[in-house]
2 protein chains.
Amino acid sequence: MYVTNANQAVDMADFAQFPTETCALPETRLAAGAHLFREGDAVTRIYQVVAGVVSLNRLLEDGRRQIIAFGLPGDLVGFPCDGRHHTDCEALSLVRLQPFRITQIDCATGDPVLRARFMEAALHEIAAMQDHFMMLGRKSAAERVASFLIALDARTGQDRDGQRRVDLPMSRADIADFLGLTTETVSRVLSQLRKSRVIALDGIHRVVFLRPAALRALATGDCD
Amino acid sequence: MYVTNANQAVDMADFAQFPTETCALPETRLAAGAHLFREGDAVTRIYQVVAGVVSLNRLLEDGRRQIIAFGLPGDLVGFPCDGRHHTDCEALSLVRLQPFRITQIDCATGDPVLRARFMEAALHEIAAMQDHFMMLGRKSAAERVASFLIALDARTGQDRDGQRRVDLPMSRADIADFLGLTTETVSRVLSQLRKSRVIALDGIHRVVFLRPAALRALATGDCD
DNA sequence: CGCCGAGTTGACAATGATCAAGACCTGTGG
DNA sequence: CCACAGGTCTTGATCATTGTCAACTCGGCG
């Protein structure tokens, strides 16, 4: 999952399920904290997240971390480049994944339907990453957090009592590493949104949208 | 072109030329400042840069700009998503481009060889963008500029008198919008590198690498 | 020669990072 | 069921990096 402009829905979730019957590999399960693959690993499978959340990470030698994307249900993770993974993939919760053999995609012997869907997913991935660049390069801390909440809501938000609410299945540190901020800054922005009654926090890992319009304005910088 | 870690060569340039004979469309020429396409345009062609440089841009309503990537000779630009372009594409110099019909790629009627190369290019694009995330999210201004010079050198650098030298075909503002900085900061970092004898500036648009090792150390943060 | 845009440099401000302390969950064991 | 321990989260104080605003220089071109 990447963060997009408020007015652009993230549509990875709209993808039709991959045709599992054509290449039935058993579902993989992963406990929170476990790694599915690491940067540099040879790619033999790609995975569609069925349930739970994963993160795609890159590390710098000195420990700085950037989360490239979160993998939510419906997302495809593990795009190869020259046969290798270019990120770590870590489970943030109990995760279920549907694996697909890479051989079914990258050569002429594979399934054309699967290959076409894979191509489509890769192009969506590129478009989503392009949106995310704008955020990392040009948006303020408040804009980033607001954009993140809106994007997450578009993917996994629920209606309850006429209010949108969204779970944050990841830690503040994960959010910070995704947005290019520190945990302290993420925490401060959330507190500020809470104090200004734009959101409410229902426990640490659930956000209720009190004034969605204000949040949208914040995300796009229209509040000035 | 994206900026990668210093130790990872940008390899888009290694791609075999696309088989132009299979779908011979005439080369497109574009003057500096002209737009090849804009965000939202329907995608009918994708293009391989033959000569010159283009930039792929995204804009925020308030004018903030992020350059997603520079398109250097060999690079493929115009990846579609749901049939639309998701960035503007602007020529930064006189540019020559080889167009390809999108119909040859996205459906079963297309050329399999071309489609495979397109797939490969898309996956390389994803990997390159992942590298760039680390820079925008986690690197300091000096690290970004140093990384940028090294990445550009890997693509278009020349040897002369035993020294590497690289042209900067874009303005300081373009570099800033690519790196998520301001023109002033880019200028200051370049001045500082010049004063510390890491680089020399041979005119505004040419950099000579005096101490490449120091530049590499700077790019990866090893200088501390 | 003078103009004009791009680039550079300086002074200052602001945003977000860092460092530190305290509060709050959550799981474990008595 | 409660107490404790360890991590996560929040909040405050301070600092550093980078952005902003402004002045000035440089280089190309009429």
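Proteins get letters first, then strands, A, B, ... in listed order; numbering begins at 1 in each. Predicted, not measured: the structure shown is a model, and the values here were computed from it.
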- Task: Output the single nucleotide from D:dG12, D:dC9, C:dG16 whose closest atom is nearest the side chain of A:Ser171.
- Result: D:dC9
- Task: Determine the minimum heavy-atom distance between A:Leu179 and A:Leu136, stating which atoms define it.
- Result: O-CD2, 3.4 Å
- Message: Without decimals, in angstroms, what is the distance between A:Leu201 CG and C:dC24 P?
- Response: 14 Å
- Task: Report the distance from atom NE2 of A:His205 to atom P of C:dC25, rounded to the nearest whole Å.
- Result: 11 Å
- Among the nucleotides D:dC9, D:dG19, D:dT11, whichever has the atom closest to the side chain of A:Ile204 is D:dC9
- Task: Decide yes or no, distance alone: a donor-acceptor N/O pair under 3.5 angstrom between the base of D:dC9 and the side-chain of A:Glu184.
- Result: no
- Query: Rounding to a whole Å, what distance do you find between A:Arg172:CZ and D:dT8:P?
  - Reply: 13 Å
- Task: Evaluate the ring planes of A:Phe118 and A:Phe79, with Trp represented by its six-membered ring, and classify them as parallel (under 30°), tilted (30 to 60°) or perpendicular (over 60°).
- Result: tilted
- Message: Taking the minimum atom-to-atom distance to the side chain of B:Arg194, which one of C:dT18, C:dT9, D:dG19 wins?
- Response: C:dT9
- Item | Distance, rounded to the nearest Å, where A:Arg144 contributes CZ and C:dT15 contributes P | 13 Å
- Item | Length of the line joining B:Arg64:CZ and C:dT15:C1', which is rounded to integer Å | 13 Å
- Query: Which pairs count as salt bridge (charged side-chain N to carboxylate O under 4.0 Å, His left out) when at least one residue sits in residues 189-205 of chain A, sequence neighbours excluded?
  - Reply: A:Arg165-A:Asp202
- Query: Just how far, in rounded Å, is P of C:dG16 from CZ of B:Arg138?
  - Reply: 13 Å
- Residue pair B:Val145, B:Thr185: steps toward the side chain to side chain contact (heavy atoms under 4.5 Å, CB included) verdict: CA-CA 10 Å; B:Val145 173; B:Thr185 299; over 6 Å; no
- Message: Can you measure A:Met170 atom CE to D:dC9 atom C1' for me and round it to whole angstrom units?
- Response: 16 Å
- Length of the line joining B:Glu143:CD and C:dA17:P, which is rounded to integer Å: 14 Å
- Note on the structure: The answer to which of A:Ser140 and B:Ser191 contacts DNA chain C further toward the 5' end, by nearest nucleotide, is B:Ser191
- Please state whether the phosphate of D:dC9, meaning OP1 or OP2, lies under 4.0 angstrom from any side-chain nitrogen or oxygen of A:Ser187. no
- At under 4.0 Å, does any side-chain N or O of B:Thr182 touch on OP1 or OP2 of D:dT18? no
- Considering only heavy atoms and no angle criterion, is a donor-acceptor pair shorter than 3.5 Å present between the side chain of B:Arg188 and the base of D:dG19? no
- Using a cut-off of 4.0 Å on non-hydrogen atoms, how would the nucleic acid contact of B:Leu181 be classed: base, sugar-phosphate, or nothing? sugar-phosphate
